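See below for the structure under consideration.
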Amino acid sequence: MDLAKIKTDLKERAIAMGAGKVGVCRLDDLRDSFHFEIKQSAKRLNTAISVGVPLAAGVMETLIDRPNMIYKAHYQQVNHILNDIAFMIASEINRLGFDAIPIPASQILKWQPMRAHMSHREIACKAGLGWWGRNNLLITEEYGAQIRLVTVLTELELEPDHPTVQDCGECYACIDACPAGAIARDKTNFNLDACAAQVNEFAHLKHIGQHICGLCVKACPGTR
Ligand code: SF4
Ligand code: SF4
């Protein structure tokens, strides 16, 4: 079996469906923090495929001081695309005779403390898509924080990619953009509770009804 060709094919198909970045990593100790629903199954799956779909810069430009309806629709659309790409990758791997689990792009299982099945950001960092930014998101060189993520876990042992050595450097643009004051100069001091409270407040806005914000994402456009 030509694993390099399979990796290239899956990547090209993901890009044709809207992905901007695709990478691979080994799970190793990342499994330790997985939600119990997938922890047992993940013991057999040693590889993660991370996929990022860029948000439209034009949509991000429409945000002023809160999420709006065009951003909400776009956010939902990108999540659908991510889940379709993850479904395609998992189906293709299944067709080859291997196990795979697509992890939903945006499924919060619990709000206090906030948790999902796993951290797409952690996987994406290890798979070389980008780095952990001051706003607690995955930051890529090209799209900044304007990229959303999905992950497929699999037993197919594809060649891993390498984490980047880049970081936010001397950029602090998102700090002032955050209405909750959640972002600090030291990324390890990110205030998750303040962010969650702000996003929860936005969810109560008329016509929003969803836990979204987008302001620190707008502040971080990348090089594109
Ligand atoms: S805006 Fe600058 S400091 Fe904030 S996450 Fe992006 S690169 Fe990092
Ligand atoms: S999502 Fe909103 S509240 Fe949370 S850190 Fe970014 S700007 Fe602040």
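Position 1 is the first residue of the sequence, and the numbers go up from there. Please read all numbers here as calculations on a predicted model, not as lab measurements. All ligand and atom numbering here is 1-based and tracks the order in the structure.
Geometrically, Arg66 does not engage Phe202 in a cation-pi contact defined by less than 6.0 Å to the ring centre and at most 45° from the axis.
The Gln198 neighbourhood of ligand 2 comprises atoms 3 (S), with distances under 4.0 Å to a heavy atom of that residue. Taking every heavy atom of Phe190 and a limit of under 4.0 angstrom, the matching atoms of ligand 2 come to 5 (S).
Salt bridge annotation for Lys7-Asp161: present, with a cationic side-chain nitrogen under 4.0 angstrom from a carboxylate oxygen.
Protein heavy atom in closest approach to atom 6 (Fe) of ligand 2: Cys216 SG, 2.3 Å. Nearest to atom 8 (Fe) of ligand 2 among the protein's heavy atoms is Cys178 SG, 2.3 Å. The protein heavy atom nearest to atom 2 (Fe) of ligand 2 is Cys213 SG, 2.3 Å.
Atom 2 (Fe) of ligand 1 has Cys171 SG as its protein N, O or S neighbours under 2.8 Å.
Side-chain atoms of Arg31 and Asn46 include a donor-acceptor pair closer than 3.5 Å.
Residues Leu215 and Ala177 share a closest heavy-atom pair of CB-O, 3.7 Å. The nearest pair of heavy atoms linking Cys168 to Trp131 is N-NE1, 3.2 Å. For the residue pair Leu129 and Val51, the shortest heavy atom distance occurs at CD2-C, 4.2 Å.
With 2.8 Å as the limit, Cys195 does not count as an N, O or S neighbour of atom 8 (Fe) of ligand 2.
Applying the 6.0 Å contact sphere to NZ of Lys11 captures no more than 12 heavy atoms from other residues, nucleotides or ligands. The local environment of CD1 in Ile70 is sparse, with at most 12 non-hydrogen atoms from other residues, nucleotides or ligands closer than 6.0 Å.
In this structure a side-chain-to-backbone donor-acceptor pair under 3.5 Å is present from Asn83 to Ala105.
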